[in-house]
Visitor: 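Below are the C-alpha cells for one structure; questions will follow.
A note on names: the letters A, B, ... follow the listed sequences, proteins ahead of strands, and every chain is numbered from 1.
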Amino acid sequence: MFALVDVNSFFASCETVFRPDILGLPVVVLSNNDGCVIARSKEAKEIGIKMAVPYYQIKHLIKPHKIQVFSSNYPLYGDLSHRVMSILEELAPKLEIYSIDEAFLDVSGIDDLFEFGKKTRSTILKCTGLTVGVGIGPTKTLAKLANYAAKKWTKTQGVVDLSTIERQKKLMGIVPVGEVWGIGRQLSSRLEAMGVKTALDLANSNPKQMRKLFSVVLERTIAELNGESCLSLEEFTPVKQQIVCSRSFSQRITKLADMRQAISSYAERAAKKLRDEKQRCKHISVFIKTSPFNGNKHYLNEIAHGSMQAHSSDSRDIIHLSVRLLDKIWQDGQAYQKAGVILGDFSNENMVQVGLFDEFEQRKNSDELMKVIDEINLKKGRVWFAGQGTKQDWKMKQDLLSPSYTTKWKDIPIVKVK
DNA sequence: TCTGGGGTCCTAGGACCC
DNA sequence: TCTGGGGTCCTAGGACCC
C-alpha cells in the first residue's frame with residue numbers, strides 16, 4: 001500500500017506560516033524574475049487567479065482584493081520541505097521524496113490507514129504549521145488519485161483511503177481522465193475524443209490496444225488504475241542524468257560582454273551542482289533565446305554541444321567551454337531574454353574511465369581547489385570567477401522577496417512580548 | 001513594458017554491426 | 001526475374017511531471 005502526502009498550496013502556505021497577520025487574505029507566489037503566478041492560496045484560487053498567469057495580467061486585482069504577492073523564496077521552501085520530509089520519515093520509515101512538497105510512503109501492514117492519515121496530518125500541522133493531504137491506495141497512481149480527492153472534497157477531512165475496489169471504482173467514475181497521474185493535456189484531449197472521459201473509462205479500456213495507439217506508459221497507467229502495481233517505491237534517489245541552469249533576465253541582453261557574464265555565472269552554478277552530486281561531466285550545451293512572445297519571427301533558439309576531452313567538474317573547464325560555445329552562437333542585434341547551460345554525460349567522480357589514447361593535461365590540484373572554493377562560499381564569504389562580473393545588471397528580478405526566516409540568522413522572526 | 005525552472009521517460013528513425 | 005534476419009546504439013523530439 002502506498003500513501004501520497006503532499007502539502008496544500010505549498011509555496012503560498014510557506015509564506016503565511018510566519019505571517020499570521022495575512023491569514024485569510026489571498027496569497028500568490030511568483031516564478032523567478034517575478035514573471036508568472038506559480039502558487040496560490042485557497043483564497044487566491046477563489047478569486048479566480050489561474051495557475052501560471054503572467055503577473056502583469058492580474059496586477060489590477062492586487063489592491064481591490066488585498067492580494068499578498070511574494071517573489072519565490074527557495075531557501076525558505078527548501079527548509080520547510082526538509083522539515084516535512086523528516087517528520088514523514090519518522091511516521092513511515094520507507095519513503096520516496098517525489099518533489100519538493102510530495103512524498104510516497106510505504107504503508108503496508110498498517111491496520112487503520114484512515115487513522116494513520118489523520119495522524120500524519122495533525123503531526124505535520126503541529127510541527128510545521130503546514131496542512132497536507134493524504135491519499136492511500138494499492139498503487140502509486142491510485143494513491144495520487146486519492147490525494148486529488150482528499151484535496152478537492154473537504155468532507156474527506158483531507159484523507160482518502162482507496163483500499164477497497166468499490167471505493168476505487170466510485171472515485172474513478174467521477175474523476176475526469178485528465179486528472180489521472182501521467183495523463184496530460186495532449187493525451188486527455190485525444191482520449192476524450194475517443195469517448196474515454198473519466199478515470200474509470202480509462203481503467204476499463206483495452207490495455208494492449210491502448211499501447212498500440214499510444215505508448216507503453218499509458219498501458220502501465222491503465223494497469224495501475226486496476227490495482228496492478230507497476231511503479232515501485234524508489235527510496236534511494238538515482239544520480240541525476242542532466243543538470244540545467246537557466247534564467248530569464250530582468251532586462252533584455254544585447255551586448256556579448258553581458259551575455260558572457262551571465263553564461264559564466266550559470267556555468268559556475270551548474271558546476272557547483274555537479275560537484276554536489278559527486279559527478280563529473282563530459283557534455284555541455286549552451287542556449288540563448290529571445291522572447292517567444294514578441295509575435296513576429298524574432299524568436300531565436302540556438303543550441304550547441306561540446307564534448308570535453310575528459311570528464312570534469314572543475315568550474316574553470318566548464319566556464320571556459322561554455323563561453324566558447326556562446327561565442328559560436330552569438331548574434332549581434334538580438335534582444336535576448338533568457339540563456340542557460342546544460343551539463344550531461346556524467347560519471348562518478350571516483351571512477352573516471354580514461355581512453356587508451358586520450359591525451360590531456362589533468363589540472364593539478366583541481367579537486368582541492370574546488371573544495372576550498374565551495375567551503376569558502378558555504379561558510380565564510382563569497383569568491384567567484386572574474387568572468388562572472390561584479391555588476392550583474394541582467395540579474396533576475398526578485399522585488400517582493402520574503403525573509404529567509406529559517407535559514408538566515410538575521411532573518412529569524414522576533415517575538416514581541418507585551 | 002511585463003510571460004519560470006528543472007527534470008524524466010519513451011519512440012522513431014538512422015547508422016551501424018554480424 | 002529473384003536480394004535475409006537479427007541486433008545495438010545514438011539522437012531529436014514529444015509527452016509528461018512538479
Visitor: Taking the six-membered ring for Trp, does A:F293 stack with B:dT3 (centroid gap under 5.5 Å, planes within less than 30°)?
Guide: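 Stack criterion met.
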Visitor: Between C:dC18 and A:K144, is there an OP1 or OP2 to side-chain N/O distance shorter than 4.0 Å?
Guide: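 The answer is yes; a side-chain N or O of A:K144 sits under 4.0 Å from OP1 or OP2.
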Visitor: Just wondering, are more than 12 heavy atoms of other shown residues or ligands nearer than 6.0 Å to NZ in A:K45?
Guide: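 Counting other residues, nucleotides and ligands, NZ of A:K45 exceeds 12 neighbours.
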Visitor: A:T141 and A:R220: side-chain donor and acceptor closer than 3.5 Å?
Guide: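 No, A:R220 and A:T141 have no side-chain donor paired with an acceptor closer than 3.5 Å.
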Visitor: Return the value, rounded to whole Å, for the distance between atom CD1 of A:I58 and atom C1' of B:dT3.
Guide: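 For the pair A:I58 CD1 and B:dT3 C1', the rounded distance is 12 Å.
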Visitor: Kindly check if the number of other-residue, nucleotide or ligand heavy atoms within 6.0 Å of NE2 (A:H320) is above 12?
Guide: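 No, not enclosed.
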Visitor: Thinking salt bridges, do A:R275 and A:D367 make one under a 4.0 Å N-O criterion?
Guide: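 No, A:R275 and A:D367 are not salt-bridged.
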Visitor: Do any N or O atoms of the protein come closer than 3.5 Å to N or O atoms of nucleotides 13-15 of chain C, and which pairs are they?
Guide:
none

Visitor: Whole angstroms only, please: what is the CG-C1' distance between A:L61 and B:dC2?
Guide: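 In whole Å, B:dC2 C1' and A:L61 CG are 16 Å from each other.
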Visitor: Would you check if there is a donor-acceptor pair between the side chains of A:S312 and A:D317 at a distance under 3.5 Å?
Guide: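 Per modelled atom types, A:D317 and A:S312 side chains form a pair under 3.5 Å.
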Visitor: Base, sugar-phosphate alone, or nothing: which one does A:Y55 contact when heavy atoms must sit under 4.0 Å apart?
Guide: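 Touches nothing.
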Visitor: Is the shortest side-chain N to carboxylate O distance from A:D79 to A:R83 below 4.0 Å?
Guide: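 Salt bridge: yes.
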Visitor: For the residue pair A:W181 and A:F104, is the inter-centroid distance of their aromatic rings smaller than 6.0 Å?
Guide: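 Ring-ring flag for A:W181/A:F104: true, centres closer than 6.0 Å.
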Visitor: Write down the distance between CD (A:E179) and P (C:dC16), rounded to a whole number of angstrom.
Guide: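 Answer to the nearest Å: 13 Å.
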Visitor: With rounding to whole Å, what would you report as the distance between B:dT3 and C:dC18 at their P atoms?
Guide: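 B:dT3 and C:dC18 have their P atoms separated by 26 Å.
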Visitor: Starting from C1' on B:dT1, measure out to CD on A:Q251 and report it in whole angstrom.
Guide: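 Rounded to the whole Å, the gap is 12 Å.
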Visitor: Which heavy atom of A:S13 sits nearest to which heavy atom of A:L130, and what is that distance?
Guide: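 In this case the closest contact between A:S13 and A:L130 is CB-CD2, 3.6 Å.
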Visitor: Rounded to whole Å, how long is the line connecting atom OH of A:Y56 with atom C1' of B:dG4?
Guide: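 From A:Y56 OH to B:dG4 C1': 14 Å.
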Visitor: How close or far is atom C1' of B:dG4 from atom CD of A:Q398, stated in whole angstroms?
Guide: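 In whole Å, B:dG4 C1' and A:Q398 CD are 12 Å from each other.
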Visitor: Considering every strand and a 4.0 Å limit on heavy-atom distances, what is the contact class for A:D34: base, sugar-phosphate, or nothing?
Guide: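 Contact class for A:D34: none.
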Visitor: Take the C1' atoms of the five end pairs on each side of the helix from B:dG5-C:dC18 to B:dC18-C:dG5, get both axes, and report the angle to 10 degrees.
Guide: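 Taking five pairs per end, the axes differ by 10°.
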Visitor: Hey, is the side chain of A:R252 poking within less than 4.0 Å of OP1 or OP2 on B:dC2, counting only N and O atoms?
Guide: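 True: A:R252 side-chain N/O within range (under 4.0 Å) of B:dC2 OP1/OP2.
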Visitor: Answer yes when A:K66 and A:E43 have at least one side-chain N-carboxylate O distance shorter than 4.0 Å, and no when they do not.
Guide: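 No salt bridge links A:K66 with A:E43.
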Visitor: Measure CD/A:Q57 against P/B:dC2 and give the value in whole Å, please.
Guide: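 Distance check: A:Q57 CD to B:dC2 P gives 13 Å.
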Visitor: Is a side-chain donor-acceptor pair under 3.5 Å present for A:E268 with A:S315?
Guide: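 Yes - a donor-acceptor pair under 3.5 Å links their side chains.
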Visitor: For A:L4 and C:dC17, what is the distance between atoms CG and C1' respectively, to the nearest whole Å?
Guide: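 Nearest whole value for this atom pair: 13 Å.
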Visitor: So, taking the atom named OG1 in A:T120 and the one named CD1 in A:I136, what distance separates them when rounded to the nearest 0.5 Å?
Guide: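 Those atoms lie 7.5 Å apart.
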Visitor: Could A:K152 and A:E179 be called an ion pair, given the rule that one side-chain N must be under 4.0 Å from one carboxylate O?
Guide: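 Looking at A:K152 and A:E179, the cut-off is not met.
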Visitor: Polar pairs (N or O, both sides) under 3.5 Å between protein and nucleotides 5-12 of chain B?
Guide:
residue	atom	partner	partner atom	Å
B:dG5	OP1	A:S248	N	2.6
B:dG5	OP2	A:S248	OG	3.0
B:dG5	OP2	A:K338	NZ	2.9
B:dG5	O3'	A:R247	NH1	2.9
B:dG6	OP1	A:R247	NH1	3.0
B:dG6	OP2	A:S246	N	2.6
B:dG6	OP2	A:S246	O	3.1
B:dG6	OP2	A:S246	OG	2.9
B:dG7	OP2	A:V244	N	2.6
B:dT8	OP1	A:Q241	N	3.1
B:dC9	OP2	A:Q241	NE2	3.1
B:dC10	OP1	A:R220	NH2	2.6
B:dT11	OP1	A:V216	N	3.4

